Amino acid sequence: MANKGWFNLESAGIGIPETQFFEGDSAFKFLGLSRTTRLYGFIGCLAVGFVLSLLGSIVLFLAQLALFAILYALGTIVSLAGTGFLIGFGTQLKLMFKPVRIVATLVFLASIGLVFVGAFVIGSDVLCIIFVIIEYLAYTWYSISYIPYARSAVLKAVGFS
């Protein structure tokens with residue numbers, strides 16, 4: 001009866017397709033998580049990360065710079081960790097530091113740290129916003145690296161190619 005619920009993809013006949021995201025992932029074999037459970041984990045982390053980042057953005061307008069930095073960075077990290085439910089956390093780390101993504105990954109991770117520097121060391125809300133924009137752009141560049149020819153298309157659309 002554990003498979004019954006109001007949002008159960010497997011019992012609805014929809015099923016989750018066999019893709020590279022769910023194949024041969026030893027990270028979840030010892031936990032016994034099904035593909036559906038892993039998908040729920042991904043969606044849950046994505047939703048919690050979004051809410052945390054949104055709350056962080058709201059408190060920024062209330063002049064709570066330290067709370068903004070904590071909530072926004074935590075939201076970003078939780079969202080990023082959510083993809084670990086799809087492909088496994090070890091695999092995700094390996095993919096993040098592949099040569100094609102290493103620059104975007106390092107800029108993304110550094111900008112998370114720089115948000116804290118801007119908030120706690122420098123105390124500048126403008127600098128925090130600049131670092132958040134850099135973080136967003138780096139994460140976008142990192143994300144589109146998974147889509148074939150997406151970086152080339154973006155560069156061409158912007159006029160850099």
Side-chain angles (χ1 to χ4, degrees), residues 5-9 16 19-22 25-28 30-148 150-151 153-155 157-158:
W6 67 275
F7 189 65
N8 188 340
L9 296 175
I16 299 172
T19 65
Q20 65 178 353
F21 296 117
F22 295 108
D25 188 32
S26 62
F28 295 99
F30 73 96
L31 292 175
L33 297 179
S34 70
R35 280 182 253 132
T36 303
T37 305
R38 290 166 54 189
L39 188 60
Y40 290 157
F42 166 70
I43 292 170
C45 284
L46 199 62
V48 168
F50 176 76
V51 169
L52 287 171
S53 296
L54 184 65
L55 287 173
S57 299
I58 291 170
V59 299
L60 178 64
F61 291 109
L62 301 174
Q64 302 270 335
L65 194 57
L67 188 57
F68 160 75
I70 292 168
L71 287 174
Y72 193 84
L74 189 61
T76 303
I77 292 167
V78 168
S79 294
L80 183 63
T83 57
F85 279 98
L86 294 178
I87 61 175
F89 300 105
T91 304
Q92 180 178 358
L93 285 174
K94 288 178 189 173
L95 290 173
M96 285 176 72
F97 289 99
K98 283 182 103 175
V100 71
R101 295 183 191 96
I102 190 144
V103 172
T105 299
L106 292 176
V107 170
F108 171 66
L109 295 175
S111 64
I112 292 173
L114 288 172
V115 169
F116 284 112
V117 170
F120 293 110
V121 177
I122 301 171
S124 170
D125 53 350
V126 173
L127 206 52
C128 279
I129 291 171
I130 291 170
F131 292 142
V132 165
I133 292 169
I134 293 170
E135 177 184 331
Y136 176 76
L137 292 173
Y139 187 61
T140 301
W141 194 249
Y142 162 80
S143 297
I144 65 172
S145 72
Y146 286 96
I147 304 167
R151 285 183 169 181
V154 169
L155 287 175
V158 176

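Computed from a prediction, not measured in an experiment: that's the story for all the values here. Only this structure's heavy atoms are used, side chains among them; waters, hydrogens and symmetry mates stay out.
- You'll find the side chain of Phe68 stays beyond 4.5 Å of the side chain of Asp125, heavy atoms only.
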Derivation and outcome, side-chain contact (heavy atoms from CB on, under 4.5 Å), residues Leu46 and Phe50: CA-CA 6 Å; Leu46 199 62; Phe50 176 76; over 6 Å; no
Evaluate the side-chain contact (heavy atoms from CB on, under 4.5 Å) criterion for residues Ile133 and Ile129: first the C-alpha distance (whole Å), next the side-chain angles of each, then the deciding distance (0.1 Å), finally the verdict. CA-CA 6 Å; Ile133 292 169; Ile129 291 171; 4.0 Å; yes
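- Other residues, nucleotides and ligands contribute more than 12 heavy atoms inside 6.0 Å of the CZ atom of Phe120.
- At least one side-chain heavy atom of Leu52 sits under 4.5 Å from a side-chain heavy atom of Val48.
- Just one of Leu86, Ile87, Thr37 meets the side-chain contact (heavy atoms from CB on, under 4.5 Å) condition when paired with Phe42; it is Leu86.
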Just do the side-chain contact (heavy atoms from CB on, under 4.5 Å) check on Leu80 and Phe108 with the steps written out, would you? CA-CA 11 Å; Leu80 183 63; Phe108 171 66; 3.6 Å; yes
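- Applying the side-chain hydrogen bond (donor to acceptor under 3.5 Å, both in side chains) criterion to Thr83, with sequence neighbours excluded, gives Gln92.
- Shown here is Phe116, whose CZ atom has more than 12 heavy atoms of other residues, nucleotides or ligands within 6.0 Å.
- Annotation: the span from Thr76 atom OG1 to Leu71 atom CG amounts to 10.5 Å, rounded to 0.5 Å.
- A donor-acceptor pair is defined here as one N or O able to donate and one able to accept, closer than 3.5 Å; such a pair exists between the side chain of Arg151 and the backbone of Trp141.
- Considering CG of Leu65 and CD1 of Ile122, their distance stands at 10.5 Å, rounded to 0.5 Å.
- Tyr142 and Tyr146 have perpendicular rings, their planes meeting at more than 60° on a 0 to 90° scale where under 30° would count as parallel.
- Atom-to-atom distance recorded for Phe89:CZ and Leu93:CG is 9.5 Å, nearest 0.5 angstrom.
- No donor-acceptor distance shorter than 3.5 angstrom exists from the side chain of Thr105 to the backbone of Phe97, with no hydrogens or angles considered.
- Atom-to-atom distance recorded for Leu54:CG and Tyr72:OH is 10.5 Å, nearest 0.5 angstrom.
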